[in-house]
Amino acid sequence: MNDLYRRSMTAAVERLGSEIAGDDDVTGVVVTSAKKTFFAGGDLKDMMKATEDDAEQIFEQVEATKAALRALETCGKPVVAAINGAALGGGLEIALACHHRVVVDDDKVKLGLPEVTLGLLPGGGGVTRVTRMLGLQDALMTVLLQGTQFKPSAAKDAGLVDELVASRDDLVAAAKAWITEHAADADAAKQPWDRAGYKMPGGTPSNPKLAGFLPAFPALLRTQLKGADMPAPKAILSAAVEGAQVDIDTALRIESRYLTKLITGQNSKNMIQAFFFDLGAINSGSLRPEGVPTYEPRKVAVLGAGMMGAGIAYSCARSGMEVLLKDVSAEAAEKGKQYSVTLLDKAISRGKMSEEKKAEILARITPTADPADLAGVDTVIEAVFEDPSLKNQVFAEIKDVINPDALLCSNTSTLPITELASGVDRPEDFVGLHFFSPVDKMPLVEIIRGEKTTDATTAKALDIVTALKKTPIVVNDSRGFYTSRVIGTMVNEGLAMLGEGAHPQSVERAATQAGYPVGTLQLSDELNMELMVKIRNATKAAVERDGGTYSSHPAEKVIDTMIEKGRSSKLKGAGFYEYVDGKRAGFWKDLTATFPTAETQPDFEEMKERLLFIEAVETARCFAEGVIESAAAANIGSIMGIGYPPLTGGAAQFIQGYVGATGKGTAGFVARAKELAETYGERFEPPAYLVELAEKGERLPA
Ligand SMILES: C[C@H](O)CC(=O)SCCNC(=O)CCNC(=O)[C@H](O)C(C)(C)COP(=O)(O)OP(=O)(O)OC[C@H]1O[C@@H](n2cnc3c(N)ncnc32)[C@H](O)[C@@H]1OP(=O)(O)O
């Protein structure tokens, strides 16, 4: 909601007021839009610029916006919103200030209050009105704290809109018809909360029934956030509960104060950057080389029907591609196909899939052990074990059967793509596709360009990922690429803390309270410490082969001790945690005996910082080495691929949006990283590239 909107809405409402006063013929008002969207809400570009010094001005602007909407809903005539396109955030808030909402029933139209996902609060009356419409519990749980974007029918089920019409052409007529039908109904021109005898659904907090379980709300929220400092959901909860106890005008003012605090804070800037601007740019092709026609994969061969291959085959088939799922034996290939059956049955049991659709998807997957079946394949995605010679062998086996220009993709999380490409006859058509496990759930795919990968190949790989409805990032080849390399530093840092004598519970909570989805020890069990040793040995060999000296990490001692004790992983049923029937069941009973807890515990805030900083410093190194070339890719890759805390806006935004005692932005980050390097070692030293950027006041490439 920018200045232009505020001025025009205020002027329209003022004009309406004078027309109503001077003319009894006005029977009602219809609010609609001549554009494709109804209204896209507050201006996120403006919000990115707001500082604490702007707080007063922002508060006044928000109040002015709401005064116009309050005047609209109390103008004395029925007001109907005819919603022709997306109504999100402030857009839906305009509609909520109307007495009746009609929407075109087109699933492409999105309605909702997504503010929480951007570190904001629906402060154009959204919290106050939805709470009064649906009651505290429903408003918070289904609309405000989730930020769900509903399609029209779902918005109607949720009680956010009142009426659906089949076509846009029917909208205004339906709105006018409602006004005519309610000509004799004085309440039609009043919101429920302005009518005599209004009661909030489910009661206000002073109602003993609600008061009894209201204290559970903040506790539940804390559990959901795992203690992470997410200001937006907390502010939404506070504004809703406080606002429910006072009159509407006071409630609207409370909401404005919380919104002002969020807009002027850093967290909303981080989240808007990552989840609106960066994600939007990537999804509209910012990383795609230009001038390459769109590629439509039709017949895909997935080599290897293990967990990853089976997941990739499922995703391809769900997206309409014909899939040949190949393994060494027909049984192994068939077993891979069964994985799709399991996933589809689960979707059916949740009411998200029909038997017909399941049959259609399964019919697209042909399991096979015979290379000859791969004739006509335009895309190969290899997903066998992480062994370069095996990978080369499976490509060699099929090279003369597939289309001569078929795209060659290798799913690997660590093996250098240039080396793998040297084993095929068309290295320019070869590209790395790093899927994350489980493939059907994880939204990111890291595309790795080898030395010889052409732009056309990269563009095709991006098109495949887009066709799979996943988000791509593009990186250049390097050991561990971007994501695996960065996550390794965080895991090592957590393990080093344990080795230093930090209590295991603190190690876990440092991660989750910083905003990571899981603790480092749990993650190590899941990643498997034997694999970590394998990667360490390969890295060491590569460093020494290139004439360098490998410097060991304090985490290595911890990992080696765990392996000696036979506790390498969840897979083995024994790690930092005990496992019963494959499920985590508390810390290993000898954990603190093996890694004694120091009498003086480290500063908890610094433990959180160490995790965030070590990944951000490694990200800066990836920029310095040309592994990653886009801040948007680093932000989205780190959040969606490896669980870097969303509240930071991603690893590049953490650097550029840094706020701390050492200063703001990249310069503040560099200064703090140097302090950590003094205390914990060279691994925290920011690369010269970043130091120079900070000195020049420049930014990472967008
Ligand atoms: C006080 C309030 O409670 C606070 C708020 O309202 S917070 C804002 C909440 N609103 C949102 O989150 C909606 C954001 N917008 C969208 O989701 C989508 O733009 C949309 C569904 C409305 C339309 O999608 P689509 O038709 O594909 O158009 P899209 O390409 O996304 O947008 C067109 C342009 O408008 C810009 N834009 C869209 N919404 C914007 C917004 N809220 N603020 C600033 N710019 C916005 C886009 O960045 C894009 O700019 P570009 O042309 O320079 O790249």
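Counting starts at 1 for both ligands and their atoms, in listed order. The first residue of the sequence shown is numbered 1, and numbering continues consecutively from there. As a basis for the values below, the full set of heavy atoms in this structure was taken, side chains included, without hydrogen atoms, waters or symmetry mates.
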Of Phe38, Phe276, Phe39, Phe275, the residue with the heavy atom nearest atom 48 (O) of ligand 1 is Phe276
Checking the N or O distance criterion of under 3.5 Å, is ligand 1 in contact with Ala86?
no
If you compare Gly124, Ala40, Gly123, Gly147 by their heavy atoms, the one closest to atom 10 (N) of ligand 1 turns out to be Ala40
Does the side chain of Thr51 pick up a donor-acceptor pair with the side chain of Asp54 at under 3.5 Å? yes
- Answer yes or no for Leu118: is there a heavy-atom contact with ligand 1 below 4.0 Å? yes
Has the side chain of His99 got a donor or acceptor atom that lies under 3.5 Å from a matching backbone atom of Glu73?
yes
inquiry  = Against ligand 1, does Leu121 come closer than 4.0 Å with any heavy atom?
reply    = yes
Geometric N/O contact Thr37 with ligand 1, under 3.5 angstrom
no
Atoms of ligand 1 under 4.0 Å from any heavy atom of Leu88, numbered from 1 in the order shown, are 13 (C), 17 (O), 21 (C)
Ligand 1 contacted by Pro122 (non-hydrogen, < 4.0 Å) | yes
Ligand 1 atoms nearer than 4.0 angstrom to some heavy atom of Gly89 are 6 (O), 9 (C)
TODO: Using distance alone, decide if ligand 1 has a nitrogen or oxygen within less than 3.5 Å of any nitrogen or oxygen in Pro114.
DONE: no
May I ask you to check whether Glu115 has an N/O atom sitting below 3.5 Å from an N/O atom of ligand 1? yes
Within the 3.5 Å criterion, strictly below it, is a donor on Gln653 or Asn635 matched to an acceptor on the partner's side chain? no
Checklist line | Whether Tyr198 and Trp193 hold their rings parallel, tilted or perpendicular, with breakpoints at 30° and 60° | finding: perpendicular
- Compute the shortest N/O to N/O distance between Gly90 and ligand 1 and return yes if it is under 3.5 Å, no if not. yes
In terms of side-chain heavy atoms, does Thr619 have a donor or acceptor partner in Tyr644 at a distance below 3.5 Å?
no
For Asp43, the ligand 1 atoms with a heavy-atom partner under 4.0 Å come out as 43 (N), 44 (C)
A student checking ligand 1 against Glu93 at a 4.0 Å heavy-atom cut-off should list atoms 1 (C), 2 (C), 3 (O)
Of Lys261, Gln61, Glu63, the one forming a side-chain hydrogen bond (donor to acceptor under 3.5 Å, both in side chains) with Ser256 is Glu63
Here the atoms of ligand 1 under 4.0 Å from any heavy atom belonging to Gly41 are 6 (O)
For Lys36, the ligand 1 atoms with a heavy-atom partner under 4.0 Å come out as 26 (O)
When you measure from the side chain of Arg101 to the backbone N and O of Ala95, does any donor-acceptor pair fall under 3.5 Å?
yes
| Angle class for the Phe217/Phe213 ring planes (parallel below 30°, perpendicular above 60°, tilted otherwise)? | tilted
Check your understanding: Any side-chain donor paired with an acceptor under 3.5 Å for Glu446 and Thr483?
Key -> yes
Strictly below 4.0 Å, N to O, side chains only: are Arg7 and Asp3 in salt-bridge contact? yes
